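One structure is given below, encoded as structure tokens.
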Amino acid sequence: MCGRFTLTVSEQTLQTYLNNTFNVSNKTAISHQPQYNIAPSQNILTVINDGKKDRVGYISWGFIPAWQHTKKNAIINARSETIDKLKSFKQAFKLKRCIILSDGFYEWHHITKKPFHFTLSNRKIFAFAGLWNSTILEDGTTHYSCVIITTEANALLKDKHHRMPVILSPNDYSTWLNPNQNNTKTLKTILKPYKSSDMSAYPVSSAVNNPSNNFIDCIKPL
DNA sequence: CCAGACGTTGTT
DNA sequence: GTCTGG
DNA sequence: CCAGACGTTGTT
DNA sequence: GTCTGG
């Protein structure tokens, strides 16, 4: 699964990445500090497409269905296998697909509970497949929320955990983000475990366990 | 028709 | 044990 | 995901 | 809001 991740790059690196990767219309909306320990309920950096341009922005991690008016019971992951069928995600899968930017995620060994950091072998920024939504809270404000899509674990993950987040191939970004794309089969085909041989993993300090620890030692190899 | 659920993870 | 908050 | 709280009364 | 179960 995916319950914690990183985006450790500088603002400069992030801006360069956005320029080279997306057709972003509102880059100035971004102000970034390296993040070593991103946890559910925090605002995370997402990309959506409005039909013409890509837009970047911060959205709360933890999906709230449209009929719910509180932040309780936020859902942090959605299974790719059933995402097109379930009530909570069906609509968003059709119309509100997003990308969540990251450069690594944490998994805890299912037995030992020791944390590991997973990255691409080239250490580059990558994109989780996600869905977003908006709902009106009791105080009248609009709340934007998102969820990270999961799939079965690849070979690298398997001995730690049986689920992993979907990491998109850069070739699929525009298809995934295109709000006019309505071919369910095409979209679901994109949601596959990332190639194991292009990823790395290493154990890290249990300092990462506490979400308030946001410092570089979280990603230091043990 | 109305009532009640609507999600994931892992664990039992 | 279970829920809330980050 | 993990960490940390989990309650009431009255008083400040 | 929308789907499922009775």
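Every chain is numbered from 1, with letters handed out A, B, ... down the list of sequences. Just so you know, these numbers come straight off a predicted model, no measurement behind them.
- When rounded to the nearest whole Å, the span between CD1 of A:I75 and P of B:dT9 equals 11 Å.
- Following rounding to the nearest Å, A:F89 (CZ) and B:dG7 (P) show an atom-to-atom distance of 7 Å.
- In A:Y17, the OH atom is crowded: over 12 heavy atoms of neighbouring residues, nucleotides or ligands sit closer than 6.0 Å.
- Across all strands, A:W67 comes closer than 4.0 Å to base atoms (heavy-atom distances).
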Could you list, one pair per line, each protein nitrogen or oxygen that sits under 3.5 Å from a nitrogen or oxygen of nucleotides 3-5 of chain B, together with the distance?
none

>> Treating primed atoms plus P, OP1 and OP2 as sugar-phosphate and everything else as base, which nucleotides of nucleotides 1-6 of chain C get B, S or - for protein heavy atoms under 4.0 Å?
In response: ---S-B

> Checking side-chain hydrogen bond (donor to acceptor under 3.5 Å, both in side chains) for the pair A:T13/A:T16: CA distance, chi angles, key distance, verdict?
Replying inline: CA-CA 5 Å; A:T13 303; A:T16 304; over 6 Å; no

Side chains of residues 213-222 of chain A: which donor-acceptor partners sit under 3.5 Å, not counting sequence neighbours?
{"residue": "A:N213", "atom": "ND2", "partner": "A:A207", "partner atom": "O", "Å": "2.8"}
{"residue": "A:N214", "atom": "OD1", "partner": "A:Y36", "partner atom": "N", "Å": "2.8"}

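- Using cut-offs of 30° and 60° on the angle between ring planes, the pair A:F118 and A:F116 is tilted.
- Aromatic rings from A:F128 and A:W61 are positioned such that their centres are separated by 6.0 Å or more.
- Taking only side-chain nitrogens and oxygens, A:R163 comes nearer than 4.0 Å to OP1 or OP2 of B:dT9.
- Within the structure, no pair that satisfies the salt bridge (charged side-chain N to carboxylate O under 4.0 Å, His left out) test touches residues 41-61 of chain A, not counting sequence neighbours.
- Ion pairing of A:D84 with A:K188 is present here, as a side-chain N (NZ or NE/NH1/NH2) and a carboxylate O approach within less than 4.0 Å.
- Separation of the C1' atoms belonging to D:dC1 and B:dT8 is 11 Å when rounded to the nearest angstrom.
- One P atom belongs to B:dT11, the other to D:dC2, and the distance between them is 10 Å to the nearest Å.
- DNA chain E forms stems at B:1-6 with E:1-6, each a run of 3 or more consecutive Watson-Crick or G-U wobble pairs whose two key distances fall under 3.5 Å.
- In this structure, the NZ atom of A:K85 is 13 Å from the P atom of B:dG7, given to the nearest Å.
- When atom types are taken as modelled, the side chain of A:T119 and the backbone of A:G104 share no donor-acceptor pair closer than 3.5 angstrom.
- Heavy atoms of A:Y106 sit nowhere under 4.0 angstrom from any nucleic acid atom.
- A:T46 contributes a side-chain N or O that, together with a main-chain N or O of A:G57, makes up a donor-acceptor pair within less than 3.5 Å.
- Between D:dT9 and C:dG1, the distance separating the two P atoms is 29 Å to the nearest Å.
- Distance, A:W61 CH2 to D:dC2 C1': 12 Å, rounded to whole Å.
- A centroid separation of less than 6.0 Å is found between the aromatic rings of A:F89 and A:F63.
- Judged by the 6.0 Å and 45° rule, A:K96 forms a cation-pi pair with A:W132.
- Contacts between residues 129-154 of chain A and DNA chain E, defined by a heavy-atom separation under 4.0 Å, are absent.
- Closest-nucleotide positions on DNA chain B for A:S88 and A:C2 were compared, and the one nearer the 5' end corresponds to A:S88.
- Among the heavy atoms of the strands lying under 4.0 Å from A:T82 are primed sugar atoms or P, OP1, OP2 only; no base atom is included.
- In this entry the distance linking NZ of A:K113 with P of B:dT9 reads 14 Å, nearest Å.
- One finds the CG atom of A:N178 at 11.5 Å from the CG atom of A:N183 (value rounded to the nearest 0.5 Å).
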>> side-chain hydrogen bond (donor to acceptor under 3.5 Å, both in side chains), that's the test. Do A:T150 and A:R163 meet it? Break it down for me.
In response: CA-CA 6 Å; A:T150 63; A:R163 303 291 296 172; 3.3 Å; yes

> Checking side-chain hydrogen bond (donor to acceptor under 3.5 Å, both in side chains) for the pair A:S134/A:H143: CA distance, chi angles, key distance, verdict?
Replying inline: CA-CA 5 Å; A:S134 69; A:H143 180 70; over 6 Å; no

